Amino acid sequence: MGFPTARATRALHYSGNTSLEAAVNWVVEHENDSDIDEMPLVPVNTKVEAPKPSLTPEEMKIKAQELRERARKKKEEEEKRMEREKEKERIRVGKELLEAKRIEEENERKRILALRRAEKEEEQRAREKIRQKLEEDKAERRRKLGLPPEDPAAVKPSASVVQEKKTFLPVKPVTKVEQMRECLRSLKQNHKDEDAKVKRAFHTLLTYIGNVAKNPDEEKFRKIRLTNPSFQERVGGLKGGIEFLELCGFEKIEGGEFLFLPRDKVEMAVLNSAGSELNSAIVNPFFGVL
């Protein structure tokens, strides 16, 4: 089958130049058109850019080298930037750690100083009580020997005695640490003839407090059954044992069957103070003598 050039060109153009079959079908459908043998008019594209000249192999090699060099420099710059960011982060974290360590050391120093002051005061009160006991024994011996008692006016009270009288004025503890210390002192005085039992109670309380401080999220360390025979023997049966735990934040729940310390009421500062007071009561031989 042969068609004029103009008709074939027109068929290919208007069929979209998709296939020979589509072009033939277009000719069959338009063979009666008056302009079927005219060349199709195609607008001239005045914006067509001239093709860029292709690069020579040498120029392509140079261009590739430039691209590789540019990529290498960009990678180096990015690595340097990341290294600077990491260094800044290391410096920041280092400063925070140093500051945290400084604060921790300062708090520990203050705690030790407070503990030493408390031990010194306890020792002074114990020595003064011993001195008063010696004075009473001396007066009793003079009475038994038929000697007249010493003239109080001839004995000038020492400064320590005056200070001790001031100390014995009824003063209600104003801080939780003082309340804890007073609670432990009362426990020891209430059971002054059971020194081993008191020390065991102090050690048991220290274990309870230490377990909570080390594992604040573990409920089993924050809940104590009051009817537990071991607890009753070691702590619950001694007056002041349960009161000390309550000062640490424990509360009675379920009708008084349990002592429980809620997670949101766990205060590490309170637990640390409680541990310090218990440790002082254990190692200080003069603790609770008065």
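For clarity, every value in this text was computed on a predicted model and none was experimentally measured. Residue indices begin at 1 and follow the sequence shown.
- The minimum heavy-atom distance between Arg222 and Phe250, with the atom names listed, is O-CE2, 3.6 Å.
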task = Determine, stepwise, if the pair Leu259 / Lys223 fulfils side chain to side chain contact (heavy atoms under 4.5 Å, CB included).
result = CA-CA 6 Å; Leu259 274 177; Lys223 191 172 184 179; over 6 Å; no
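- Here the shortest heavy-atom pairing between Val235 and Tyr208 reads CG2-CE1, 4.4 Å.
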key: Audit row: Glu89, Lys86, salt bridge (Lys or Arg N to Asp or Glu O under 4.0 Å) steps and yes/no   = CA-CA 5 Å; Glu89 182 65 14; Lys86 290 180 180 179; over 6 Å; no
task = Please lay out, stage by stage, how Arg81 and Glu85 fare under the test side chain to side chain contact (heavy atoms under 4.5 Å, CB included).
result = CA-CA 6 Å; Arg81 187 187 67 80; Glu85 292 296 326; 4.2 Å; yes
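- Linking Ile, Leu, Val, Met, Phe, Trp and Tyr residues whenever their side-chain heavy atoms come within less than 4.5 Å places Leu271 and Leu205 in a single cluster.
- You'll find the side chain of Lys197 stays beyond 4.5 Å of the side chain of Arg234, heavy atoms only.
- Judged as a salt bridge (Lys or Arg N to Asp or Glu O under 4.0 Å), and not counting sequence neighbours, Lys199 has no contacts.
- A donor-acceptor pair under 3.5 Å is absent between the side-chain atoms of Asn17 and the main chain of His13, judged by distance alone.
- Put simply, the side chain of Thr204 gets close to the backbone of Arg200: a donor and an acceptor are under 3.5 Å apart.
- Here the closest heavy-atom approach between residue Glu119 and residue Ser280 is recorded as CG-OG, 3.6 Å.
- The two atoms that bring Ala11 and Val27 nearest to each other are CB-CG2, 3.4 Å, heavy atoms only.
- Applying the side-chain contact (heavy atoms from CB on, under 4.5 Å) test between Arg68 and each of Glu66, Gln65, Arg72 identifies Gln65 as the sole match.
- Transitive grouping of hydrophobic side chains (ILVMFWY, heavy atoms separated by less than 4.5 Å) brings Ile242 and Met180 into a common cluster.
- Here Lys120 contributes atom NZ and Glu122 contributes atom CD; the two are 14.0 Å apart, rounded to the nearest 0.5 Å.
- A chain of hydrophobic side-chain contacts below 4.5 Å, direct or via other Ile, Leu, Val, Met, Phe, Trp or Tyr residues, connects Val270 to Phe202.
- Contact record, Gly249 with Leu261: O-CD1, 3.1 Å, taken as the closest heavy-atom pair.
- A donor-acceptor distance shorter than 3.5 angstrom exists from the side chain of Glu178 to the backbone of Thr175, with no hydrogens or angles considered.
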message = What verdict does the side chain to side chain contact (heavy atoms under 4.5 Å, CB included) test give for Glu251 and Lys265, after you've listed the backbone C-alpha separation in whole Å, the side-chain angles of each residue and the deciding distance to 0.1 Å?
response = CA-CA 10 Å; Glu251 304 170 353; Lys265 292 187 178 180; 2.6 Å; yes
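- Residue-environment remark: CZ (Arg70) stays at or below the threshold of 12 foreign heavy atoms within 6.0 Å.
- Side chain of His191 to main chain of Ser186: no donor-acceptor pair is present (N/O by atom type, distance under 3.5 Å, no hydrogens or angles).
- Although no hydrogens or angles enter the test, the distance criterion places no donor-acceptor pair under 3.5 Å between the side chain of Glu104 and the main chain of Lys101.
- Counting non-hydrogen atoms of other residues, nucleotides and ligands closer than 6.0 Å to CE of Met60 gives a total of 12 or fewer.
- Between Gln232 and Thr227, every side-chain heavy-atom pair lies at or beyond the 4.5 Å cut-off.
- Screening Glu99, Glu105, Glu106 for a side chain to side chain donor-acceptor pair (under 3.5 Å) involving Arg102 leaves a single residue, Glu99.
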inquiry  = One pair to check against side chain to side chain contact (heavy atoms under 4.5 Å, CB included): Ile209 and Cys248. What are the steps and the verdict?
reply    = CA-CA 8 Å; Ile209 299 304; Cys248 296; 3.6 Å; yes
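- In this structure, Asn279 contributes its side chain and Gly275 its backbone to no donor-acceptor pair below 3.5 Å.
- In terms of heavy atoms, Leu238 sits closest to Ala201 at CD2-CB, 3.8 Å.
- A salt bridge links Glu108 with Arg111; the closest basic N to acidic carboxylate O contact falls under 4.0 Å.
- Distance alone, capped at 3.5 Å, is enough to place a donor-acceptor pair between the Lys188 side chain and the Phe287 backbone.
- In this structure a side-chain-to-backbone donor-acceptor pair under 3.5 Å is present from Asn228 to Phe231.
- Atom CG of residue Leu187 and atom CZ of residue Arg185 lie 12.0 Å apart, to the nearest 0.5 angstrom.
- Heavy atoms from other residues, nucleotides or ligands lying under 6.0 Å from CD of Glu21 number 12 at most.
- Going from atom CZ of Arg92 over to atom CD of Glu87 covers 13.0 Å, rounded to the nearest 0.5 Å.
- The hydrophobic cluster containing Met268 also contains Leu245, counting ILVMFWY residues as joined when their side-chain heavy atoms lie under 4.5 angstrom apart, directly or transitively.
- With hydrogens and angles left out, the side-chain atoms of Gln124 and Arg127 include no donor and acceptor closer than 3.5 Å.
- Rounded to the nearest 0.5 Å, atoms CH2 (Trp26) and OG1 (Thr18) are 13.0 Å apart.
- You'll find the side chain of Phe260 stays beyond 4.5 Å of the side chain of Lys252, heavy atoms only.
- Looking at residues two or more places apart in sequence or on another chain, you find a salt bridge (Lys or Arg N to Asp or Glu O under 4.0 Å) between Asp35 and Arg10.
- One distance of note links CD of Glu277 with CZ of Phe244; it measures 7.5 Å at 0.5 Å rounding.
- Leu247 and Leu115 fall into different hydrophobic clusters, where Ile, Leu, Val, Met, Phe, Trp and Tyr are joined by side-chain heavy atoms under 4.5 Å apart, directly or via other members.
- Residue Glu218 holds its CD atom at 11.0 Å from CZ of Arg263, rounded to the nearest 0.5 Å.
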request  = Output, in order, the C-alpha distance, side-chain angles, deciding distance and verdict of salt bridge (Lys or Arg N to Asp or Glu O under 4.0 Å) for Arg131 and Glu128.
outcome  = CA-CA 5 Å; Arg131 190 193 64 78; Glu128 183 58 28; 2.4 Å; yes
